[in-house]
Colleague: 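A single structure is presented below for examination.
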Amino acid sequence: MLRRPAGCEGVEQREDEQEDEGDEDMRDGGVPFFVNRGGLPVNEDTWDRMWRHVARIHPDGEAVGRRIRGASDLPKIQIPSVPTYQPAATVPHRLEAIQRYIRDLQYNHTGTQFFEIKKSRPLTALMDIAKEMIRESLPIKCLEAVILGIYLTNSMPGVERFPLSFKTQFSGNHFRHIVLGVHSGGRFGALGISRREDLMFKPLEFRTLADLIQEFAGAYRGYWHTLRKVKIGQYVSHDPHSVEQIDWKHSILDVDKLSKEELRRELERHTRDMRLKIGKGAPPSPTKDRKKDVGSPHRVPASPLRRNSRSERRPSGEKKVLEPKPPGDMNGYQIRV
């Protein structure tokens, strides 16, 4: 599936609607990209489509595809090893090892996301995709890194994880990025992947959630990007067999409409909400010894803390007024983060 670049009023609204349905944003710095929906190994149609897309977006055009696909002596790619730890390893040490593994997989610049991530799927299904990422060891994008980070930290009960996504603006275009926020020992940090070194991993050293977000906002300013919106999810269950969905955007904050003090209060309120969920517990996962004649696992009612509809969420500021965007240029180059 390929989404056209933003170029008219209403595109932003359609994107927001699709986000509410749980679909990932399929634009990479304002440039459309494909998602491999045929699984692995990649089928021939997806493979050819990927190279055609590379020819359109790469400065060398079709030459880069001919050079790589026609080579008989391509170097062998080393497969990174899943991190292992000594029992006495500290939480910061383990998180750094996980981040090194995510970074060693490398960022996917091909314009085709290899693993299809549907945000509306239950956690257990997303964990199966994480296992496939490890098995295939292919380059990944930021949303895939979040799912992988959740899987690799499931065995760390003292570390709480939550999705943290950003919407920025540069030169009239909007850009989206997501990382996995982490909280342990009274400190916040982040795991993830990006083209930019300072837009993924953050060590576990930030005293408040506001401090962590200000760190990302400062990094964005270094690339002349203005932070417009922050979406923060709830803590994710440590049960890899859980059938509950990830709450991707429990709080939606319009940063440019809030003063620093208002933003700080909203983030403190969200932090309290996350702490409350720890004591509530997650819905029970389906037992492994169900009889063969039993169908799909019984669904349990959604947690009262989850906000499933747009009206239940806590967006800050007034309703957004849609503004027309300049037409996208597939051949133009922008500062993409």
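In this chain, numbering begins with 1 at the start of the sequence shown. None of these values were measured; they are calculated from a predicted model.
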Colleague: If we only count heavy atoms from C-beta on, is the Arg49 to Asp45 side-chain gap below 4.5 Å?
Modeller: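 SC-SC contact between Arg49 and Asp45 ruled out.
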Colleague: Is there side-chain contact between Ile150 and Ile246, with at least one heavy-atom pair below 4.5 Å?
Modeller: yes
Colleague: What closest approach, in Å, do Tyr101 and Ser81 show between heavy atoms, and which atom pair accounts for it?
Modeller: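 Heavy atoms of Tyr101 and Ser81 come nearest at CD1-O, 3.2 Å.
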Colleague: Calculate, to the nearest 0.5 Å, the distance between atoms CZ and CG belonging to Phe115 and Leu143 respectively.
Modeller: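 So the gap between those two atoms works out to 12.5 Å.
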Colleague: Judged by modelled atom types alone, do Thr110 and Asn108 share a side-chain donor-acceptor pair under 3.5 Å?
Modeller: yes
Colleague: For side-chain contact (heavy atoms from CB on, under 4.5 Å), just list the numbers for Leu123 and Ser237, CA-CA rounded to whole Å, side-chain angles, deciding distance to a tenth of an Å, and then say yes or no.
Modeller: CA-CA 8 Å; Leu123 183 60; Ser237 170; 4.0 Å; yes
Colleague: Using the ring-ring contact (aromatic ring centres under 6.0 Å, His included) rule, take His93 and Tyr85 through it: C-alpha gap first, then chi angles, then the decisive distance, then the call.
Modeller: CA-CA 9 Å; His93 174 80; Tyr85 333 96; 7.2 Å; no
Colleague: Are Phe170 and Tyr223 near enough that their ring centres are under 6.0 Å apart?
Modeller: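 No: the rings miss the under 6.0 Å criterion.
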Colleague: Between Gln169 (side chain) and Thr226 (backbone), is there a donor-acceptor pair under 3.5 Å?
Modeller: no
Colleague: So for atom CD, which belongs to Glu62, do other residues, nucleotides or ligands contribute more than 12 heavy atoms lying within a distance under 6.0 Å?
Modeller: no
Colleague: Starting at NE2 of His241, measure out to CG of Asp128 and round the result to the nearest 0.5 Å.
Modeller: 9.0 Å
Colleague: To check you understand the geometry: which heavy-atom pair defines the closest contact between Arg121 and Ala125, and what is its length?
Modeller: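 Taking Arg121 first and Ala125 second, the nearest heavy atoms are NH2-CB, 3.5 Å.
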Colleague: One thing to verify: whether Arg37 and Glu116 come together as a salt bridge, which I'm taking to mean a side-chain N less than 4.0 angstrom from a carboxylate O.
Modeller: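 Yes, this pair counts.
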Colleague: Under the 3.5 angstrom rule, does the side chain of Ser137 hit a backbone N or O of Ile134 as a donor-acceptor pair?
Modeller: yes
Colleague: Under a 4.0 Å threshold between the charged nitrogen and the carboxylate oxygen, would Lys231 count as salt-bridged to Asp254?
Modeller: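 No, Asp254 and Lys231 are not salt-bridged.
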Colleague: Within the structure provided, determine whether Ile193 and Glu144 are in side-chain contact (heavy-atom separation under 4.5 Å).
Modeller: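 In short, these two side chains do not touch, never coming nearer than 4.5 Å.
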Colleague: Tell me whether Lys167 forms a cation-pi arrangement with Phe175, defined as NZ or CZ under 6.0 Å from the six-membered ring centre and within 45 degrees of its axis.
Modeller: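 No, cation not above the ring by the 6.0 Å, 45° rule.
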Colleague: Checking Asp273 against Gln234 for the side-chain contact (heavy atoms from CB on, under 4.5 Å) test, could you report, in this order, the C-alpha distance in whole Å, the side-chain angles of both residues, the deciding distance, and whether it holds?
Modeller: CA-CA 8 Å; Asp273 287 350; Gln234 278 278 27; 4.1 Å; yes
Colleague: Once you round to the nearest 0.5 Å, how far does NZ of Lys118 lie from CD1 of Ile129?
Modeller: 9.5 Å
Colleague: Check Leu148, Leu180, Val146 against Ile102 for a side-chain contact (heavy atoms from CB on, under 4.5 Å) and give me the one that passes.
Modeller: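 Among the candidates, only Leu148 passes.
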Colleague: Considering only heavy atoms from C-beta outward, does the side chain of Gln99 approach that of Asp104 to under 4.5 Å?
Modeller: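 Answer no - side chains too far apart.
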Colleague: Which heavy atom in Leu105 sits nearest to a heavy atom in Pro80, and how many Å separate them?
Modeller: CD2-CG, 3.6 Å
Colleague: About how many Å separate CG of Asn36 and CH2 of Trp47, when rounded to the nearest 0.5 Å?
Modeller: 11.0 Å
Colleague: Tell me whether Arg207 forms a cation-pi arrangement with Phe188, defined as NZ or CZ under 6.0 Å from the six-membered ring centre and within 45 degrees of its axis.
Modeller: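 Relative to the ring axis of Phe188, which defines the angle, Arg207 lies outside at least one limit.
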Colleague: To check you understand the geometry: which heavy-atom pair defines the closest contact between Gly233 and Phe162, and what is its length?
Modeller: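 That closest heavy-atom pairing would be O-CB, 3.7 Å.
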Colleague: Check for a donor-acceptor pair, side chain of Lys257 on one end and backbone N or O of Leu253 on the other, with a separation under 3.5 Å.
Modeller: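 Pair absent, no side-chain N/O of Lys257 close to backbone of Leu253.
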Colleague: Do Pro163 and Ile232 have side chains that get closer than 4.5 Å, going by heavy atoms?
Modeller: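 No, every pair of side-chain atoms sits at 4.5 Å or beyond.
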Colleague: Asn43 side chain to Thr46 main-chain N or O, any donor-acceptor pair under 3.5 Å?
Modeller: yes
Colleague: Using a strict 4.0 Å threshold on nitrogen-to-oxygen distance, state whether Arg103 and Glu197 make a salt bridge.
Modeller: yes
Colleague: Should Val82 and Ile140 be regarded as members of a common hydrophobic cluster, given that ILVMFWY residues are connected when their side-chain heavy atoms come within less than 4.5 Å of each other, either directly or indirectly?
Modeller: yes
Colleague: Identify whether the distance between the nearest side-chain nitrogen and carboxylate oxygen of Arg265 and Glu268 falls below 4.0 Å.
Modeller: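 Answer for the salt bridge query: no.
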Colleague: Looking only at heavy atoms, what is the nearest atom pair of Lys202 and Phe206, with distance?
Modeller: CB-CE1, 3.8 Å
Colleague: Determine yes or no for a side-chain-to-main-chain donor-acceptor pair under 3.5 angstrom, with Glu262 supplying the side chain and Ser259 the backbone.
Modeller: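 Yes; at least one donor-acceptor contact below 3.5 Å.
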Colleague: Would you check if Glu132 and Leu40 make a side-chain contact, meaning some heavy-atom pair closer than 4.5 Å?
Modeller: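 Yes, their side chains come closer than 4.5 Å.
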Colleague: Is there a side-chain contact between Ile178 and Leu164 in this structure, where contact means two heavy atoms from C-beta onward sitting under 4.5 Å apart?
Modeller: no
Colleague: Are Phe34 and His53, when compared by the centres of their aromatic rings, separated by less than 6.0 Å?
Modeller: yes
Colleague: Could you verify whether a donor N or O on one side chain and an acceptor N or O on the other, from Tyr220 and His177, lie under 3.5 Å apart?
Modeller: no
Colleague: If you measure from CZ on Arg176 to OG on Ser165, what distance do you get to the nearest 0.5 Å?
Modeller: 9.0 Å
Colleague: Check for a donor-acceptor pair, side chain of Arg187 on one end and backbone N or O of Leu204 on the other, with a separation under 3.5 Å.
Modeller: no
Colleague: Between Thr153 and Gly149, is there a donor-acceptor pair closer than 3.5 Å when you use the side chain of the first and the backbone of the second?
Modeller: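 The answer is yes, because a donor-acceptor pair under 3.5 Å joins these two groups.
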Colleague: Heavy-atom count around Ile79 CD1 within 6.0 Å, excluding the residue itself: above 12?
Modeller: no
Colleague: Carefully, step by step, assess Met156 and Ile98 under the rule side-chain contact (heavy atoms from CB on, under 4.5 Å).
Modeller: CA-CA 12 Å; Met156 302 167 65; Ile98 291 172; 4.1 Å; yes
Colleague: So Phe216 and Met200, do their side chains get closer than 4.5 Å, heavy atoms only?
Modeller: no
Colleague: Might you work through the side-chain contact (heavy atoms from CB on, under 4.5 Å) test for Met127 and Asn154, ending with a clear yes or no?
Modeller: CA-CA 10 Å; Met127 295 302 93; Asn154 274 339; 3.4 Å; yes
Colleague: Tyr235 and side chain to side chain donor-acceptor pair (under 3.5 Å): which partner among His183, Glu160, His250, Arg275?
Modeller: His183
Colleague: Supply the atom-to-atom distance Gln106 CD to Leu138 CG, rounded to the nearest 0.5 angstrom.
Modeller: 11.0 Å
Colleague: Are more than 12 heavy atoms from other residues, nucleotides or ligands located less than 6.0 Å from atom CD of Gln78?
Modeller: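 Open.
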Colleague: Hydrophobic cluster membership, with links at side-chain heavy-atom distances under 4.5 Å among I/L/V/M/F/W/Y: are Val54 and Leu74 in one?
Modeller: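 Val54 and Leu74: one cluster.
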Colleague: Heavy atoms only: give me the nearest Trp248-Lys119 pair and the separation to one decimal.
Modeller: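 Heavy atoms only, the tightest pair is NE1-O, 3.1 Å.
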